[in-house]
Amino acid sequence: MSRTLCSALPTTPAGTGSVTVEGWIHRRRQLATVTFVVLRDRSGVAQVIVTDPQVREQVSALPEETVIRVTGMPTGNAKAPGGIEIVEPAILPLSAPAEPPPVELWRPGLGVTLPTMLDHAAISWRHPTRQAVWRIAAASMAGFRRHLDEAGFTEVTTPKIVDQSTESGANVFALDYFGSTAYLAQSPQLYKQMLTGVFERVYEVGPVFRAEPHDTARHLAEYVSLDVEFGFIRDHRDVLDQLRATLAAMIETAREKAGAAVETVGAELPVVPERIPIIHFREALELLGAAPTEPDLAPEHERFLGTWAKERFDSDFLAVEGYPAVKRPFYTHPQPSDPRGTNSFDLLFRGLELVTGGQRLHNHADYRSALAARGGDPADYAAYLEAMRHGMPPHGGFAIGLERWVTRLIGADNIRLATLFPRDIHRLRP
């Protein structure tokens, strides 16, 4: 007999006869003459009514989280999940009786500390409210891919073990590579630019590594980066337009594919405006009352600007453009009106930096000048510069941190709540 998912029980045609569901025992409740079993599968939960004394005795020996198969008759009950429950069940254990879990998954909320939740991530992620978080993340990635596929982009995969220590100033993890020193890639930036010279439009979904000694609620040592790069642009505003369309698609797909999960966690999906409001970095400093020589925005500045954008434009998003060249990598295109600034931007989402993007240099001579100005050795970038030497279109791109995106979507106060198995300065397990 084929398996029926819990979510499909309400649509089971009348007169179907018995159905078979499989999953975990989410909760047992034993009364004088009846035992209620709530079974959980990937789609939701179903209620099973056990009245046969022998089956009740069998269930009493099967603790929560034991995996079982239930075959029985679907019957209408308005108080049951989905309005359907299963009666006259035959129950077959599919695993040994489960040991008591370290967290009580049947409760509406986990009610445990963050360290406990993370220490037992393989179990705590089974809780419906935790599952919902990652379903939103998965839907966001699906929307990212679908939109870019439809826009003519090619998905690529780039090396995560590289011979260059850094290109943007971030600390990196060194490792032994057959007797030589190699590094975990802190960005696919150089590779996605090179591949823009092949496919014109590329994207990647993959891990990046930052050996930054941050111990904050917004930083990880490893996270998933949603990277985009494409050619034949006019300037960074074209990049921002593509980012806007991509975010809108991610939100729409989250609503479409993970609507129940959004409701479970009470997430408020934002509306992406047709034109994301933009403020120049210099103007932002004036608005903040900060010194005009400040090279970057502090977290409190981002929060202030997020509140300002919401009040001024009713927007959860704000792009800050024209960042100083001293705070951008060597490949960033200078601002034509003032080379001290750049054709780059940060996108703030609800008062937190979510995306860095912009226009890149594309002429080989400009790269050599930029590297010389920073004391860089062209030999360290031989393959990269080769691509620029043989004809590259004006191009640019951006990168979205997936976990940071989901954290803001669900209104969580710690990025680890949106990370399956976090890696930070304290955590290497599980």
Side-chain angles (χ1 to χ4, degrees), residues 140 143-144 147 216-219 223 225-228 233-252 254 267-325 327-328 332-333 335 337-338 340-359 396-413 415 418:
S140 295
F144 177 83
H147 167 72
T216 76
R218 57 188 272 177
H219 289 97
Y223 64 91
S225 185
L226 311 181
D227 273 89
V228 171
I233 67 171
R234 291 165 297 180
D235 57 27
H236 64 291
R237 293 287 185 92
D238 285 348
V239 177
L240 183 59
D241 288 344
Q242 182 59 252
L243 171 59
R244 183 236 158 257
T246 303
L247 291 173
M250 291 167 65
I251 292 167
E252 181 57 34
E268 183 180 345
L269 298 183
V271 174
V272 184
E274 286 299 318
R275 302 291 296 181
I276 291 176
I278 302 171
I279 186 172
H280 195 279
F281 182 80
R282 290 193 307 269
E283 296 171 355
L285 293 182
E286 292 175 5
L287 185 65
L288 293 162
T293 55
E294 284 289 339
D296 204 354
L297 298 178
E300 59 269 24
H301 294 155
E302 295 174 359
R303 290 191 290 269
F304 177 91
L305 291 171
T307 301
W308 176 78
K310 188 66 175 176
E311 294 174 349
R312 176 76 178 272
F313 304 105
D314 191 26
S315 172
D316 288 314
F317 300 92
L318 176 68
V320 183
E321 67 179 4
Y323 273 79
K327 289 299 294 183
R328 288 311 200 224
T332 309
H333 197 288
Q335 187 175 279
S337 61
D338 183 356
R340 293 173 299 178
T342 58
N343 276 5
S344 70
F345 62 84
D346 278 357
L347 183 75
L348 308 183
F349 174 36
R350 292 175 176 166
L352 178 70
E353 176 200 325
L354 174 69
V355 181
T356 294
Q359 182 183 4
F398 58 83
I400 306 169
L402 176 66
E403 293 87 348
R404 190 172 285 195
W405 162 251
V406 176
T407 300
R408 301 310 280 174
L409 278 184
I410 66 175
D413 60 3
I415 196 171

* Please report the closest heavy-atom contact between L409 and S140, naming both atoms and the distance. => CD1-OG, 4.2 Å
* To do: Using modelled atom types only, decide if a donor and an acceptor are shared between the side chain of R350 and the backbone of G411 within a distance under 3.5 Å.
  => no
* **Side-chain heavy-atom pair R275, D241 within 4.5 angstrom cut-off** => yes
* Asked: Roughly how far apart are I279 CD1 and L287 CG, rounded to 0.5 Å?
  -> 5.0 Å
* Structure fact -> Between I233 and G396, the two heavy atoms sitting closest are CD1-N, 3.5 Å
* In sequence, state the C-alpha distance, the side-chain angles, and the governing distance for T407 and L352, and then conclude on side chain to side chain contact (heavy atoms under 4.5 Å, CB included). => CA-CA 10 Å; T407 300; L352 178 70; over 6 Å; no
* To do: Would you check if the side chain of E302 reaches a backbone N or O of E353 as a donor-acceptor pair within less than 3.5 Å?
  => yes
* To do: Look at atom CD of E300 and say whether more than 12 heavy atoms of other residues, nucleotides or ligands are closer to it than 6.0 Å.
  => yes
* Structure fact -> Minimal heavy-atom distance between V320 and A284, with the atoms involved, is CG1-CB, 4.4 Å
* To do: Calculate, to the nearest 0.5 Å, the distance between atoms CG and CG belonging to L354 and L243 respectively.
  => 7.5 Å
* Asked: Got L318 and W308 here, is their nearest side-chain heavy-atom distance under 4.5 Å?
  -> yes
* Asked: Are any side-chain N or O atoms of S315 and backbone N or O atoms of A309, one a donor and one an acceptor, separated by less than 3.5 Å?
  -> no
* Asked: Hey, mind stepping through D338 and R340 against salt bridge (Lys or Arg N to Asp or Glu O under 4.0 Å) and telling me if it holds?
  -> CA-CA 5 Å; D338 183 356; R340 293 173 299 178; 3.0 Å; yes
* To do: Identify the heavy atoms of W405 and I400 that sit nearest to each other, and give their distance.
  => CB-CG2, 4.3 Å
* To do: Find out whether L297 and D346 are in side-chain contact, i.e. whether some heavy atom of one side chain is under 4.5 Å from a heavy atom of the other.
  => no
* State, to 0.1 Å, how close A291 and L285 come at their nearest heavy-atom pair, and which atoms those are. => O-CD1, 3.6 Å
* To do: Return the orientation label for the Y323 and F281 ring planes: parallel under 30°, perpendicular over 60°, tilted otherwise.
  => tilted
* Asked: Between the side chains of S344 and R328, is a donor N or O closer than 3.5 angstrom to an acceptor N or O?
  -> yes
* To do: For the residue pair T246 and L226, establish whether any side-chain heavy-atom pair is separated by less than 4.5 Å.
  => no
* Asked: Would you say the side chain of R237 lies within less than 4.5 Å of the side chain of I278, judging by non-hydrogen atoms?
  -> yes
* Does the side chain of F313 come within less than 4.5 Å of P273's, by heavy atoms? -> no
* 4.5 Å side-chain heavy-atom contact, I415 and Y223 -> no
* To do: Would you check if there is a donor-acceptor pair between the side chains of H236 and Q335 at a distance under 3.5 Å?
  => no
* Asked: Do you know which two heavy atoms are closest between R218 and P299, and how far apart they sit?
  -> NH1-CB, 3.4 Å
* To do: Would you mind reporting whether F398 and Q242 have side-chain heavy atoms less than 4.5 Å apart?
  => yes
